[in-house]
Amino acid sequence: MTAVSINFDRLLGRVTGIRGVVGAVVLDAEDGLVIAESILGGIRVNAVAALAASMYRRVSHTTKAAGHGPPDFVQLQAENGVLIALPGSCGTILAVIGELDLNIGLVKIELNKILVRQ
Amino acid sequence: MSLVNFTNKEITCKIVYYGPGRSGKTTNLLYVHSQVPTDRKGKMVSLATTTERTLFFDFLPIELGTISGFSTRFQLYTVPGQIYYNATRKLVLNGADGIVFVADSQARQLDENLESMRNLQENLLAEGVDIRTLPMVIQYNKQDLPSDLILSKEELDETLNFREVPSFKANAIAGEGVFESLKGVSELVLRRLGEEAPG
Amino acid sequence: MTGVRAVEQWAEAPLANFVRESGARLSLLTTTSGQVVAQYGFTRSIDVMAAAALGAGVVASTSLMTQMIGEVGYVKINNRGPGQGIFLAEFDTPRGKYVILAVYGSGSSAGLVQLFFEDLVEEITSSCPAPETRRVILAEDFERELNDNLAALFGRK
Amino acid sequence: MNDRIRILADELANNPVSLCFVELGALLRKIGDLTGAERVLAGGVARHPGHVEARSLYGEVLLDRGKLRDAFREWSEVVETEPRDVGARKGLGYLFYKGGQLDEALEHLEMALSIAPMDQQVRQAYSRIRKELESEETAASAAPRGAGDMMLADSRGRPLTGGLVTDGRDVSEEVAAYLVGVSDEAARSARMLKLGNWIWITTESGNGCLHISKPTDDSTLVLMGGPGVRPAEVEMRAESAAKTAKDWMDDSRVD
């Protein structure tokens with residue numbers, strides 16, 4: 001196991017430890033391919049990666065057009081859950097799938113702590 | 001195997017030029033390419049080595065026109081002739097509808113011709129195809145060389161054409177026999193298509 | 001209108017779905033011998049054939065190489081250039097093996113193409129019929145038409 | 001064309017009361033000789049003040065020459081004589097629109113449409129002005145905090161009402177164009193990840209936040225918050241704006 005993947009594993013372990021988080025994937029922002037993942041069965045990991053990358057890219061076009069620059073945080077709220085995408089270092093994105101009542105405020109605080117420590 | 005679109009009435013056939021190294025397979029395709037008008041041919045794809053010998057295959061698609069209401073296309077392939085490229089030959093041979101076996105008429109190349117014919121038979125068998133059932137013509141190329149260097153059509157037929165398939169004398173560089181060989185194999189392929197169920 | 005041209009009709013809807021969902025610019029479904037089954041985005045049929053021949057060739061040779069190093073499984077290749085990417089993969093169906101080639105630009109990604117390739121395989125596997133047996137009826141004197149066409153092609157008319 | 005102009009000019013010179021001035025004026029306008037067209041038509045309508053077609057055309061030439069006031073006077077006189085002159089109605093509609101008097105513009109275009117219901121130019125102008133009028137009303141009711149931070153776009157990437165302004169620049173059209181892709185991807189992601197229907201998307205970046213939602217199947221609402229605005233606050237405003245937008249969309253739909 002490489003040093004990089006050890007870091008990702010630790011990061012994913014901490015993210016999935018947050019209450020209400022169902023799974024998390026580190027993905028390549030441009031390719032939409034999985035780099036590392038920690039996700040429960042029943043969810044297509046490659047779908048999370050491909051779709052989160054595509055959504056982040058499309059949202060970025062919009063925020064840039066609005067003069068806001070690329071987003072630091074994207075949240076898709078749906079009827080049965082939440083998909084969050086955050087840009088990471090070296091062209092990666094962290095995608096998080098959460099339950100409907102996920103405490104977004106707490107998630108943000110925790111993610112900030114985790115990302116700063118990485 | 002030929003692909004037939006009954007809705008749009010289109011037939012696409014794969015014809016492979018087979019034979020020993022340097023027998024003139026690519027030359028055949030180059031001549032066809034030079035003759036066919038631009039709107040009836042695709043790009044000639046050639047994967048050649050630095051010594052101008054075919055590494056992978058040459059490929060030339062041509063639009064033949066309408067036959068019995070079917071718009072007909074031919075995909076012409078050559079295989080690399082050298083013995084050590086047999087894996088590639090097998091790949092290209094896969095799904096062939098017809099073969100033009102290009103033999104080198106030079107007397108000293110007779111063994112290479114025989115070896116290549118045997119190799120063709122073997123590769124087809126590996127694909128589950130009996131050479132006796134596959135449309136094939138033989139082209140004796142380089143007939144323009146001095147007569148003391150080459151074998152006659154009759155001599156070559158005697159040795160190579162044990163199935164008594166249509167055979168043609170050729171000088172592919174000048175285009176002699178190229179048209180006739182393609183015409184010969186096309187007839188056989190289309191006739192077989194009418195006789196057998198396509199896959 | 002899906003924009004997909006299919007030689008075999010069962011391939012049209014699955015390829016149209018694949019193209020729409022993956023955002024591929026060009027796509028090509030071929031047999032392993034390089035015969036085109038369905039295509040999207042190519043303007044000239046003869047250019048399609050070159051892409052099909054090369055795609056099938058690459059899949060076949062990669063397959064051999066993987067066998068040489070003792071690997072088993074289907075070929076799946078992704079090549080990303082600065083502007084466009086190529087995805088090439090083979091898969092099995094009740095009708096035999098097929099090859100898919102997709103060219104995608106910045107509106108898509110390798111991840112999306114691979115994701116919807118999985119769906120394409122599933123769709124084709126469940127929808128393609130067993131090989132049927134239909135005869136091509138050629139006119140009795142088809143040789144005359146063939147000769148005329150070839151002669152015209154070679155400028156001998 | 002030049003031969004015809006020469007023939008007509010000769011005829012007019014020989015017979016100044018000839019009605020050929022109308023054709024001559026139209027041809028001169030066509031070749032871009034606006035000064036010539038104005039001179040010929042001015043002379044003609046002075047001699048034939050009851051020639052409605054000539055006066056309507058004269059109005060157009062005046063407009064081409066940038067003499068808006070004169071064009072207005074000419075067309076107003078035309079509609080007094082002939083209220084059903086489509087050209088003059090179109091012209092007046094345009095002049096009122098330019099002057100920002102949308103209600104008046106609409107009135108003239110409505111009249112033009114009743115006479116020539118298939119005239120594409122009139123139909124387009126009419127629907128554009130109607131939309132602008134409605135958007136003014138909606139923006140006034142739905143955006144109490146001021147314009148430029150809220151927009152409703154249609155499902156084909158066009159702004160419907162409201163607008164987004166960043167650093168004094170109107171970014172509505174650009175944002176609307178990208179919203180379709182966002183909305184489609186959100187729907188697909190939510191469906192494929194088994195999250196059900198999507199409700200909204202919120203984004204945060206250094207310069208502020210965006211809130212994107214779908215008040216109806218065929219529209220997307222976007223609210224923009226500046227650097228100091230909290231995303232939760234934008235989210236609350238978005239909820240009430242979505243209700244207003246939904247009502248507005250339902251009212252605007254033609255049965």
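Within every chain, numbering begins at 1; the chains are lettered A, B, ... in the order of the sequence lines, protein sequences first and strands thereafter.
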Mind checking whether Y31(B) and F154(C) have parallel, tilted or perpendicular rings, split at 30° and 60°?
tilted
Where do L153(C) and Q35(B) land on the side chain to side chain contact (heavy atoms under 4.5 Å, CB included) test, with the steps shown first?
CA-CA 7 Å; L153(C) 213 55; Q35(B) 294 298 302; over 6 Å; no
Taking atom NZ as the centre, does K169(B) end up with more than 12 heavy-atom neighbours from other residues, nucleotides or ligands that are less than 6.0 angstrom away?
no
Working for side chain to side chain contact (heavy atoms under 4.5 Å, CB included), residues I67(B) and N149(C)
CA-CA 8 Å; I67(B) 292 167; N149(C) 281 328; 3.6 Å; yes
In short, A50(C) meets F59(B) closest at the heavy-atom pair CA-CE2, 3.2 Å
Are any of the side-chain heavy atoms of N147(C) and K183(B) separated by less than 4.5 Å?
yes
Greatest number of non-hydrogen atom pairs under 4.5 angstrom with chain B, of T32(C), T31(C), V7(C), falls to V7(C)
Within 6.0 Å of CZ in R132(B), more than 12 heavy atoms from elsewhere:
no
Which heavy atom in L190(B) sits nearest to a heavy atom in L138(C), and how many Å separate them?
O-CD1, 3.2 Å
Interatomic distance, CD@E180(B) vs CG@L150(C), rounded to 0.5 Å, equals 10.5 Å
Let me see the working for Q35(C) and D97(B) under side chain to side chain contact (heavy atoms under 4.5 Å, CB included), right down to the final yes or no.
CA-CA 11 Å; Q35(C) 292 274 34; D97(B) 297 300; 3.9 Å; yes
Distance col, row F142(C):CZ vs R191(B):CZ, nearest 0.5 angstrom, shows 5.0 Å
Between the side chain of S68(B) and the main-chain N/O of A139(C), is any donor-acceptor distance below 3.5 Å?
yes
Please classify the contact between E127(B) and chain C as side chain, backbone, both or neither, with a heavy-atom cut-off of under 4.5 Å.
neither
Do the side chains of E10(B) and R5(C) get close enough for a salt bridge, i.e. N-O under 4.0 angstrom?
yes
Please step through side chain to side chain contact (heavy atoms under 4.5 Å, CB included) for the pair M49(C) and T12(B), ending with a clear verdict.
CA-CA 10 Å; M49(C) 288 191 209; T12(B) 314; 4.3 Å; yes
Is the shortest side-chain heavy-atom distance between L146(C) and L64(B) below 4.5 Å?
yes
Quick one: closest heavy-atom pair of Y77(B) and A53(C), and the distance?
OH-CB, 3.1 Å
Heavy-atom pairs under 4.5 Å with chain C: which of V32(B), V92(B), L93(B) has the most?
V32(B)
Is Q84(C) atom CD crowded by more than 12 heavy atoms from other residues, nucleotides or ligands, each under 6.0 Å away?
yes
Is A6(C) in contact with chain B via its backbone, its side chain, both, or neither, using a 4.5 Å heavy-atom distance?
backbone
For I173(B), does the CD1 atom have more than 12 heavy-atom neighbours from other residues, nucleotides or ligands under 6.0 Å away?
no
Within a 6.0 Å radius of atom NZ on K90(B), are there more than 12 heavy atoms belonging to other residues, nucleotides or ligands?
no
